[in-house]
Amino acid sequence: MSAIDLLVTSGNGPVECRIALSALLGILEREAIGLGCAFEASLGPMPDQHGAKSAIVSLDGAGAEQIASDYCGTIRFTFKSPARPGHKRQNWYVAVQRIDSQPNGGEVTIDPADLRFETLRAGGPGGQHQNTTDSAVRVLHRPTGLVVTARDERSQHRNKALALRRLDAMLRHLEVEKQEAAKAGRFLANRTIERGNEVKTFKL
């Protein structure tokens with residue numbers, strides 16, 4: 001079974017949406033572990049103390065498809081802002097979308113000289129099928145500081161290709177954000193996240 005990659009984004013939302021995004025990553029990780037899925041999160045560039053504006057979540061296991069189906073769309077979080085005491089707004093939104101293997105997003109070119117690869121031990125979903133070889137791959141994209149890890153495949157070569165695909169997806173997302181006028185609408189919730197049609201709601 002191939003891994004499912006999801007883009008999680010706070011769009012142009014304020015700091016509270018980054019807080020919500022961080023909370024959602026924790027929720028997704030707990031649900032994935034409960035279903036015996038491997039979970040990997042790659043944060044977008046330059047996260048601050050409140051979290052990142054976007055992330056790629058990779059799920060691998062029998063429950064991955066169900067999680068993707070349940071969470072794709074707009075997620076609403078309801079909480080009082082810890083960053084701005086007294087702020088009246090309590091509803092904050094993040095969006096989740098599946099990353100297609102044949103994307104239609106912005107064009108990017110990755111210079112191999114900008115990449116640094118590391119290998120590490122890989123483990124299967126839920127800690128099963130522990131791999132004693134260094135087949136997992138972590139790649140650092142120096143210009144952006146993005147770090148992406150792939151441990152889904154038994155083959156180091158396949159994990160390297162998967163890590164590059166995830167890095168490409170994140171870089172395309174960033175490129176789309178830069179070209180909002182021409183590219184708006186290419187990605188779900190690129191600049192604005194749909195409100196009033198949430199697939200899930202959480203109170204923190």
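The analysis underlying the following values was restricted to heavy atoms, covering all of them including side chains, and did not include hydrogens, waters or symmetry mates. Here, residue 1 is the first one in the sequence, and each next residue gets the next number.
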Take atom NZ in Lys200; do more than 12 heavy atoms of anything else shown fall under 6.0 Å from it? yes

Report the distance from atom CD of Glu40 to atom CG of Asp60, rounding to the nearest 0.5 Å. 11.0 Å

Rounded distance (nearest 0.5 Å) linking atom NZ of Lys160 with atom CZ of Arg138: 15.5 Å

For the student: nearest non-hydrogen atoms of Cys37 and Ala64, plus distance: SG-N, 3.3 Å

Do the non-hydrogen side-chain atoms of Ile56 and Val148 ever get within less than 4.5 Å of each other? no

Can Val15 be reached from Ile75 by stepping across I, L, V, M, F, W or Y side chains whose heavy atoms are under 4.5 Å apart? no

To the nearest 0.5 Å, what is the distance between CD (Gln97) and OG1 (Thr74)? 10.5 Å

I'd like to know if the side chain of Ser10 and the backbone of Lys53 have a donor-acceptor N/O pair within less than 3.5 Å. yes

All heavy atoms of Asn159 vs all of Ser135, minimum pair found to be ND2-O, 2.9 Å

Derivation and outcome, side-chain contact (heavy atoms from CB on, under 4.5 Å), residues Leu24 and Val96: CA-CA 10 Å; Leu24 180 59; Val96 181; 3.8 Å; yes

Side chain to side chain contact (heavy atoms under 4.5 Å, CB included) test vs Leu28 passes for just one of Leu59, Ile33, Asp70, Ile67, namely Ile67

With sequence neighbours excluded, what pairs up with Arg166 under the side chain to side chain donor-acceptor pair (under 3.5 Å) test? Asp5, Ser58, Asp152

Shortest non-hydrogen separation from Glu198 to Thr201 and the atoms involved: CB-OG1, 4.2 Å

Please report the closest heavy-atom contact between Val139 and Ala163, naming both atoms and the distance. CG1-CB, 3.8 Å

Backbone of Leu115 reached by a side-chain donor or acceptor of Arg142 within 3.5 Å: yes

Which is it for Leu171 and Leu167 under the side-chain contact (heavy atoms from CB on, under 4.5 Å) test, yes or no, and what are the steps along the way? CA-CA 6 Å; Leu171 291 174; Leu167 175 63; 3.9 Å; yes

Looking only at heavy atoms, which two atoms of His141 and Ile110 are closest? And how far apart? CD2-CG2, 4.5 Å

In this structure, would Val147 and Phe117 fall into the same cluster of hydrophobic residues linked by side-chain contacts under 4.5 Å? no

Give the C-alpha distance, both sets of side-chain angles, the deciding distance and a yes or no for side-chain contact (heavy atoms from CB on, under 4.5 Å) between Arg158 and Leu162. CA-CA 6 Å; Arg158 290 181 180 177; Leu162 186 57; over 6 Å; no

Any side-chain heavy atom of Ser42 within less than 4.5 Å of one from Leu146? no

Nearest-0.5 Å distance that lies between atom CG in Asn12 and atom SG in Cys17: 10.0 Å

Exercise: identify the closest heavy-atom pair between Gly51 and Ser22: CA-OG, 3.5 Å

Contacts satisfying ring pair (Phe, Tyr, Trp, His ring centres under 6.0 Å) that involve residues 37-78 (not counting sequence neighbours) are Phe77-Phe202

Beyond-backbone contact of Leu6 with Cys72, side-chain heavy atoms, under 4.5 angstrom: yes

Residues Leu120, Arg151; criterion side-chain contact (heavy atoms from CB on, under 4.5 Å); working and verdict: CA-CA 9 Å; Leu120 54 152; Arg151 61 179 81 244; 3.6 Å; yes

Would you say CZ of Arg84 has more than 12 non-hydrogen atoms from neighbouring residues, nucleotides or ligands within 6.0 angstrom? yes

Let me confirm one number: the CD-CG distance from Gln90 to Leu204, rounded to the nearest 0.5 Å. 11.5 Å

Working to the nearest 0.5 angstrom, can you tell me the gap between Ile19 CD1 and Glu16 CD? 5.5 Å

Should Leu43 and Ile27 be regarded as members of a common hydrophobic cluster, given that ILVMFWY residues are connected when their side-chain heavy atoms come within less than 4.5 Å of each other, either directly or indirectly? yes

